[in-house]
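Comments concern the structure below.
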There are 2 protein chains.
Amino acid sequence: MVPGFLSKNKHIILYGVSLAVLLFLLKWLELRLVIIDHAFELYVGAIAVLFTLLGIWLALRLSRPKVRTIVVEKEVLVQPQGNGFELNEKELARLAISNRELEVLQLMAEGLSNQEIAARLFVSLSTIKTHTSRLFEKMDVKRRTQAVEMGKRLHIIP
Amino acid sequence: MVPGFLSKNKHIILYGVSLAVLLFLLKWLELRLVIIDHAFELYVGAIAVLFTLLGIWLALRLSRPKVRTIVVEKEVLVQPQGNGFELNEKELARLAISNRELEVLQLMAEGLSNQEIAARLFVSLSTIKTHTSRLFEKMDVKRRTQAVEMGKRLHIIP
DNA sequence: CCCAAATTCATGCTAAAGTATGAACGGGGA
DNA sequence: TCCCCGTTCATACTTTAGCATGAATTTGGG
C-alpha cells in the first residue's frame, strides 16, 4: 500500500520489535520460574486433566449405548372368516336339539318355507311343522325369524 | 459337627494362627516400605485413577445417553367385529329401498311380527304389510326369512 | 328285549304372513 | 302449479305358519 513505509520508519520499528521480544522473553522466563516453583502441582494437575480426559474418552467409547426398544403395535386386519364356523355343541346339547331339528333350522335360516323344507328332506309338511314347533318350544321363541336369530346368536347355525 | 474338635487341637490351632498373624505383619511391613519408597508414583497413580473415574463419571453423567431406538413392529390381530358394521349404501340405492322400508327390514330381522313392528313404529298393520310387500318385490324374495338373509348378505342390515 | 327318544305323519283349527287393489296425504322438484 | 314418490291406511282374499293332539314307526342303549 505504502511502498516507502518500511524504509522511512526502520529505526522506530526495530525499536518496537526489540522491546516486544524483550518483554516476551521476560514473560517467558517468569512463566518458567512459576513452572519450576510449582512443578509438582502442575505435573499432578496435568495428570489429573489427562486422565480425566482419558476417563471421558473411555466412558464415551466403551459405554454400551442404551438401547431403547420401542414396540410399535402395528394393527393387522385379519379375516377370521375363512368359513370359520364352529358349531356350538354345548348350546346344542343344552337345548336338546336333535339332528333332524338342526337340519330343519338350517334350511329355515336359508329362507325356505316349510313346504320347501319338506320337499328338500323328502318328508311331509306335517313332519316339518312338528319339527319347527318342537324347535320353537326348545329355543323358547315364537316365530321362525326369531329362531334363526337365536340360532345365529348361539352359533348353532352359520 | 465335631464338638470336641476345638479343645482337642487347641495347641495346633493356636500355633497356626500365630504363624498366620506373623506372616501378615511381615507382609504389611513390606507393603509399607514399598509405599514409602514409591510414594510419589503411588500418589500420581492414585490421582490418575481418581480422575479417570471422575472423567468416566462426568462423561456418563453429562453426555446425553446414546439411545438407539429399535422399533419392533408387533402384529396385533384386530377383530373387524367390534360392531363394525358399515351400511352398504350402494346396494341400498340400487334396490331403491326407502328409509321406512329399511326400518321395517331391520325390525323384521330382529324376529318381530308385522303386528309388533306396527306397534313399534306407531303405524297400522296394513302399513307394515305394504312395506314388507314392497320390500320383497324390490329385493326379489318371497318370504321375510329370505329378505333377512338377503339383507345380511348385502350388508344392508347388521 | 324293552324303553325312551327321535322321527314320521295326520287332522283340525287359529294366527300370521303375504297378495292385490285402491286411495288419501304431504313434501319437494320440474 | 302439477306430478312423482314416499308414507299411510283399508278391505278382501289366499297362502303359510304355528298350535294342539294323537299316533305309528324307527333307533340306540341299558
Side-chain angles (χ1 to χ4, degrees), chain A residues 87-154 156-157, chain B residues 87-154 156-157:
Chain A
L87 200 145
N88 191 339
E89 312 271 5
K90 295 177 183 174
E91 284 296 333
L92 216 56
R94 189 178 66 81
L95 298 177
I97 292 176
S98 69
N99 295 9
R100 204 57 162 171
E101 287 163 353
L102 181 58
E103 279 185 281
V104 172
L105 180 58
Q106 286 165 345
L107 295 177
M108 218 159 65
E110 293 179 16
L112 300 190
S113 68
N114 287 341
Q115 190 72 69
E116 289 167 338
I117 297 174
R120 190 76 74 89
L121 298 182
F122 303 106
V123 294
S124 77
L125 174 62
S126 302
T127 305
I128 301 305
K129 283 192 174 185
T130 306
H131 287 321
T132 54
S133 284
R134 290 190 159 306
L135 264 173
F136 299 159
E137 190 181 349
K138 288 176 178 177
M139 299 179 78
D140 192 31
V141 296
K142 295 195 181 305
R143 278 172 286 284
R144 56 181 37 243
T145 48
Q146 285 183 351
V148 171
E149 243 285 308
M150 181 76 73
K152 285 179 181 289
R153 213 152 49 69
L154 298 182
I156 290 176
I157 47 179
Chain B
L87 199 144
N88 192 339
E89 311 272 5
K90 295 177 184 174
E91 284 296 333
L92 217 57
R94 189 177 67 81
L95 299 176
I97 293 176
S98 69
N99 295 10
R100 204 57 163 172
E101 286 163 353
L102 181 58
E103 279 185 279
V104 172
L105 179 58
Q106 286 166 345
L107 294 177
M108 219 159 66
E110 292 179 19
L112 301 189
S113 68
N114 287 340
Q115 191 72 69
E116 289 167 339
I117 296 174
R120 190 75 75 86
L121 298 181
F122 303 106
V123 295
S124 75
L125 175 61
S126 303
T127 305
I128 301 304
K129 284 193 173 186
T130 305
H131 286 320
T132 54
S133 284
R134 297 188 103 68
L135 265 173
F136 299 160
E137 190 181 349
K138 288 176 179 178
M139 300 177 78
D140 193 29
V141 296
K142 295 193 179 305
R143 277 171 287 283
R144 56 182 38 247
T145 47
Q146 285 183 350
V148 171
E149 244 287 307
M150 180 75 76
K152 285 180 182 289
R153 214 153 47 72
L154 297 182
I156 290 176
I157 48 180

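In what follows, chains carry the letters A, B, and so on, assigned in the order in which the sequence lines appear, proteins first and then strands, with residues in each chain numbered from 1. Excluded from the calculations below are hydrogen atoms, water molecules and symmetry mates; all remaining heavy atoms, backbone and side chain alike, are included.
The distance between atom CD1 of A:Ile128 and atom P of D:dT15, rounded to the nearest whole Å, is 21 Å. A:Leu125 has its CG atom 11 Å from the C1' atom of D:dG18, to the nearest Å. Between B:Glu103 atom CD and D:dT8 atom P the separation is 8 Å, expressed in whole Å. Computed from coordinates, the A:Lys138 NZ to D:dC19 P distance equals 14 Å when rounded to whole Å. Note: CG (A:Asn99) to C1' (D:dT27) measures 12 Å, nearest angstrom. Atom CD of B:Glu101 is separated from atom C1' of D:dC5 by 11 Å (rounded to the nearest Å). Between the P atom of C:dT19 and the CZ atom of B:Phe136 lies a distance of 7 Å, rounded to the nearest Å. Remark: P of C:dA6 and CG of A:Leu121 are 17 Å apart, rounded to the nearest angstrom.
Residue-level contact check: A:Thr132 touches neither bases nor backbone, having no heavy atom under 4.0 Å from any strand.
Where B:Ser126 and A:Thr145 each meet DNA chain D at their nearest nucleotide, the meeting point lying more 5' is that of B:Ser126. Place B:Thr130 and B:Ser133 on DNA chain C by their nearest nucleotides, and B:Ser133 ends up nearer the 5' end. Between A:Leu112 and A:Arg134, the residue anchored nearer the 5' end of DNA chain D, judged by the nucleotide with its closest heavy atom, is A:Leu112.
Of the candidate nucleotides D:dA17, D:dG18, C:dT8, D:dG18 has the atom lying nearest to any side-chain atom of A:Arg143. In this structure, of D:dT16, C:dA17, D:dT8, it is D:dT16 that holds the atom nearest to the side chain of A:Ser113. Taking every side-chain heavy atom of B:Ser98 into account, D:dT7 is the closest of C:dC9, D:dT7, D:dT8.
Between B:Asn114 and C:dA16 there is no side-chain polar atom (N or O) within less than 4.0 angstrom of OP1 or OP2. Distances shown here put a side-chain N or O of B:His131 below 4.0 Å from the OP1 or OP2 atom of D:dT8. OP1 or OP2 of D:dC9 has at least one side-chain nitrogen or oxygen of B:Ser124 nearer than 4.0 Å. Side-chain N/O atoms of A:Thr127 include one lying less than 4.0 angstrom from OP1 or OP2 on C:dC9.
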- Verdict with reasoning, B:Glu116 to A:Lys142, per salt bridge (Lys or Arg N to Asp or Glu O under 4.0 Å): CA-CA 12 Å; B:Glu116 289 167 339; A:Lys142 295 195 181 305; over 6 Å; no
- Would you please test B:Glu137 and B:Arg134 for salt bridge (Lys or Arg N to Asp or Glu O under 4.0 Å) and show each step? CA-CA 5 Å; B:Glu137 190 181 349; B:Arg134 297 188 103 68; 5.8 Å; no
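The minimum heavy-atom distance between A:Val148 and A:Leu105, with the atom names listed, is N-CD1, 4.5 Å.
Taking 4.0 Å as the cut-off between side-chain N and carboxylate O, A:Glu101 and A:Lys138 count as a salt-bridged pair.
Between the side chains of B:Thr127 and B:Ser124, at least one donor N or O sits under 3.5 Å from an acceptor N or O.
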